[in-house]
*Asks:* 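Sharing a structure below in structure tokens format, with a few things to ask.
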Amino acid sequence: MAKGHKDKVAVITGAASGLGQAFAKRLAEDGVDIAAVDLGDAAATVKAVEAAGRKAAAFKCDVSSPDAVTAMAADVRKIFPRVDIVVNCAGIFPQIPLEKVTYAEWRRIIGTNLDGTFLVSMAFVPDMKARGWGRIVNLSSSTVGAVVTGFVPYVTSKLGIVGFTRALASELGPFGITVNAIQPGLTMTPGATSRPPRAGFATMDEEFADVANRFQAIKRVETPDDLTGAVSFLTSDDSAFITGQTLNVDGGRVRS
Ligand SMILES: NC(=O)c1ccc[n+]([C@@H]2O[C@H](COP(=O)([O-])OP(=O)(O)OC[C@H]3O[C@@H](n4cnc5c(N)ncnc54)[C@H](O)[C@@H]3O)[C@@H](O)[C@H]2O)c1
């Protein structure tokens, strides 16, 4: 169990799938109760958290909607006494050629990834301030330091998250609240494998292996379990003096 986790409560967005689900399971194993927030059905995540012996509940919410986030926060407070930890994992990453990036698509991606991170963080900052302890972990992406195409709104949103992380850390440091981000590389999740492989690759497995072999120091495909330790650390007491930082967890793909 990580130091300081026992009986804490975490809100994890995007918790129905991929990284969010893996973080929910890991924090539950660390002794944390979980509010699993997602547009989709997070019942499987709730089951996994309960199997680890912790309390869990699912909350359907579109994190890009201010009204939906306000309603979700009220529902969370009916079930959990307080919120100590927020992990902002809900995100979308459609690959769109530049000439097809409409303003509506731009708004949808920035709205989900960046506005959602802002709205959910702000909804629970008062709880953390009141207790003088809090942890916020945001999801950026190694794409912000790599040559990728078709991701102009996505990379913009993910570097916006780095800026938000830094600025919010400055605001909340005096209140015992840390704010950090992690930058995964290309990671095997339902979201990342749901699109067709890029030209030149027969399957997504081939594309993933190529990225790992050519761009990472550690030459294997990243999985959600490669990231859970970082989230556990950044939400624990052990990281109490680390804030405003962005941690690359990508097999050595990006150095900063
Ligand atoms: N998988 C990767 O290669 C990778 C790499 C770098 C960063 N990331 C980031 O990690 C996060 C999780 O990605 P993943 O790979 O687990 O994807 P995923 O698609 O498997 O899971 C994302 C979850 O977010 C939810 N979601 C999407 N829009 C939402 C909204 N408006 N409101 C609430 N929930 C919403 C989805 O329903 C889904 O359950 C994202 O922010 C993504 O940008 C992923």
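The structure presented is a predicted model; accordingly, all values stated were derived computationally and were not measured.
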*Asks:* Would you call R54 and D7 a salt bridge, taking side-chain N to carboxylate O under 4.0 Å as the test?
*Replies:*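 Counted as a salt bridge, because a side-chain N and a carboxylate O are separated by less than 4.0 Å.
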
*Asks:* Do F164 and V179 have side chains that approach each other closer than 4.5 Å (heavy atoms only, starting at C-beta)?
*Replies:*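 They are not in side-chain contact.
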
*Asks:* Is the backbone N or O of T243 less than 3.5 Å from a side-chain atom of Q245, with the two atoms forming a donor-acceptor pair by type?
*Replies:*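 Side chain of Q245 to backbone of T243: a pair is present.
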
*Asks:* Are V87 and M72 joined in one hydrophobic group, where the rule is that I, L, V, M, F, W and Y side chains link up if heavy atoms are under 4.5 Å apart?
*Replies:*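 In one cluster with V87: M72, no.
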
*Asks:* Using a 3.5 Å distance criterion without hydrogens, assess whether the side chain of Q95 forms a donor-acceptor pair with backbone atoms of G150.
*Replies:*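 Looks like no, no N/O pair under 3.5 Å.
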
*Asks:* If I compare all heavy atoms of G91 with all of T112, which pair ends up nearest, and what's the gap?
*Replies:*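 Reported closest heavy-atom pair: CA-CG2, 4.2 Å.
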
*Asks:* Apply the test side chain to side chain contact (heavy atoms under 4.5 Å, CB included) to residues V86 and M128: give CA-CA distance (whole Å), side-chain angles for both, the deciding distance (0.1 Å), then the verdict.
*Replies:* CA-CA 10 Å; V86 170; M128 299 181 195; 3.6 Å; yes

*Asks:* Is there a path of hydrophobic side-chain contacts, each under 4.5 Å between heavy atoms of I/L/V/M/F/W/Y residues, joining F208 to V211?
*Replies:*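 Yes; F208 is reachable from V211 via cluster members.
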
*Asks:* Which atom names give the shortest non-hydrogen contact between G185 and S142, and what distance separates them?
*Replies:*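 Shortest heavy-atom separation between G185 and S142 comes out as CA-OG, 3.3 Å.
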
*Asks:* Answer yes when E50 and K47 have at least one side-chain N-carboxylate O distance shorter than 4.0 Å, and no when they do not.
*Replies:*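 K47 and E50: not salt-bridged.
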
*Asks:* Can you find a heavy atom in the side chain of W106 that is under 4.5 Å from one in the side chain of V152?
*Replies:*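 Yes, their side chains come closer than 4.5 Å.
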
*Asks:* Taking the basic N atoms (NZ, or NE/NH1/NH2) and the acidic carboxylate oxygens, is any pair closer than 4.0 Å for D115 and R107?
*Replies:*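 Yes, D115 and R107 are salt-bridged.
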
*Asks:* Tell me if a side-chain donor or acceptor on S239 pairs with a main-chain N or O of F233 at a distance below 3.5 Å.
*Replies:*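 Answer holds: yes.
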
*Asks:* Can S157 and N113 be counted as having a side-chain donor-acceptor contact under 3.5 angstrom?
*Replies:*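 Side-chain D/A pair, S157 to N113: present.
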
*Asks:* Quick check for you: to the nearest 0.5 Å, what is the distance between F124 atom CZ and D84 atom CG?
*Replies:*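 Reported value, rounded in 0.5 Å steps: 11.5 Å.
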
*Asks:* Tell me whether R131 is salt-bridged to D127, with the criterion being a basic N under 4.0 Å from an acidic carboxylate O.
*Replies:*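 Looking at D127 together with R131, the answer is no, because their closest N to O distance does not fall below 4.0 Å.
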
*Asks:* Apply side chain to side chain contact (heavy atoms under 4.5 Å, CB included) to I161 and K158, showing your working.
*Replies:* CA-CA 5 Å; I161 285 172; K158 291 295 176 180; 4.0 Å; yes

*Asks:* Take atom CZ of R77 as the centre, draw a 6.0 Å sphere, and report whether it contains more than 12 heavy atoms from other residues, nucleotides or ligands.
*Replies:*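 Atom CZ in R77 is crowded, with more than 12 foreign heavy atoms closer than 6.0 Å.
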
*Asks:* Please answer: with hydrophobic residues joined when any side-chain heavy atoms are less than 4.5 Å apart, are F118 and L172 in the same cluster?
*Replies:*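 F118 clusters together with L172.
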
*Asks:* Determine the minimum heavy-atom distance between T45 and A24, stating which atoms define it.
*Replies:*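 Taking every non-hydrogen atom into account, CG2-CB, 3.5 Å.
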
*Asks:* Once rounded to the nearest 0.5 Å, what's the spacing between atom CZ of F93 and atom OG1 of T143?
*Replies:*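 Taking CZ in F93 and OG1 in T143, the distance rounds to 10.0 Å.
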
*Asks:* For residues Y154 and S141, report the shortest heavy-atom separation together with the two atoms involved.
*Replies:*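 For Y154 and S141, the tightest heavy-atom pair comes out as OH-CB, 3.4 Å.
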
*Asks:* For a side chain to side chain contact (heavy atoms under 4.5 Å, CB included) check, start with the C-alpha distance between V221 and Q216, then their side-chain angles and the critical distance, and finish with the verdict.
*Replies:* CA-CA 9 Å; V221 171; Q216 295 173 194; over 6 Å; no

*Asks:* Answer yes or no: is there a side-chain heavy-atom contact under 4.5 Å between R255 and N248?
*Replies:*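 No. Closest side-chain heavy atoms not under 4.5 Å.
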
*Asks:* Under 3.5 Å, is there a donor-acceptor pair between the side chain of D41 and the main chain of A43?
*Replies:*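 Answer holds: yes.
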
*Asks:* Hey, could you give me the CG/OG1 distance between L186 and T193, rounded to the nearest 0.5 Å?
*Replies:*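 Separation between the atoms: 9.5 Å.
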
*Asks:* Looking at V83 and V76, what are the two nearest heavy atoms and their distance?
*Replies:*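 Minimum heavy-atom separation between V83 and V76: CG2-CG1, 3.8 Å.
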
*Asks:* Taking C-beta and beyond as the side chain, do H5 and S232 meet within less than 4.5 Å on heavy atoms?
*Replies:*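 The answer is yes; the side chains approach within 4.5 Å.
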
*Asks:* In the structure I gave you, are the side-chain heavy atoms of I34 and F80 within less than 4.5 Å of one another anywhere?
*Replies:*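 Side-chain contact under 4.5 Å: no.
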
*Asks:* The test is side chain to side chain contact (heavy atoms under 4.5 Å, CB included); show your working for I136 and V125 and say whether it passes.
*Replies:* CA-CA 9 Å; I136 299 173; V125 161; 4.1 Å; yes

*Asks:* To the nearest 0.5 Å, tell me how far E105 CD sits from R108 CZ.
*Replies:*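 Output value for this atom pair is 4.5 Å.
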
*Asks:* Are L227 and F23 side-chain neighbours, meaning at least one heavy-atom pair lies under 4.5 Å?
*Replies:*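 Sidechains of F23 and L227: in contact.
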
*Asks:* Is there a side-chain contact between R135 and K8 (heavy atoms, below 4.5 Å)?
*Replies:*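 Sidechains of K8 and R135: no contact.
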
*Asks:* Can any side-chain N or O of T189 pair as donor or acceptor with the backbone N or O of A192 at less than 3.5 Å?
*Replies:*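 Here the side-chain-to-backbone pair exists.
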
*Asks:* Identify the two heavy atoms, one from A230 and one from I182, that lie closest to each other, and give their separation to 0.1 Å.
*Replies:*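 Scanning both residues, the minimum pair turns out to be CB-CG2, 4.3 Å.
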
*Asks:* Is it the case that one hydrophobic cluster holds both L119 and V11, taking links as side-chain heavy atoms less than 4.5 Å apart, direct or via other members?
*Replies:*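 The answer is yes; both residues are in one hydrophobic cluster.
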
*Asks:* Which distance, rounded to the nearest 0.5 Å, do you find between the CG of N138 and the OG of S121?
*Replies:*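 Rounded to the nearest 0.5 Å, the CG-OG separation comes to 5.0 Å.
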
*Asks:* Are R220 and D226 ion-paired here, with the side-chain N under 4.0 Å from a carboxylate O?
*Replies:*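 The answer is yes: the pair qualifies as a salt bridge.
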
*Asks:* When you group the ILVMFWY residues by side-chain heavy-atom contacts below 4.5 Å and let the links chain together, are F175 and M122 in the same group?
*Replies:*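 In one cluster with M122: F175, yes.
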
*Asks:* With rounding to the nearest 0.5 Å, note down the distance linking CZ in R195 to CE in M204.
*Replies:*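 The CZ atom of R195 sits 4.0 Å away from the CE atom of M204.
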
*Asks:* Quick one: does F59's side chain get under 4.5 Å of I79's, heavy atoms only?
*Replies:*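 They are in side-chain contact.
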
*Asks:* I need the single residue from L19, V37, L27 that forms a side-chain contact (heavy atoms from CB on, under 4.5 Å) with I12. Which is it?
*Replies:*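 When side-chain contact (heavy atoms from CB on, under 4.5 Å) is applied between I12 and each of L19, V37, L27, only L27 qualifies.
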
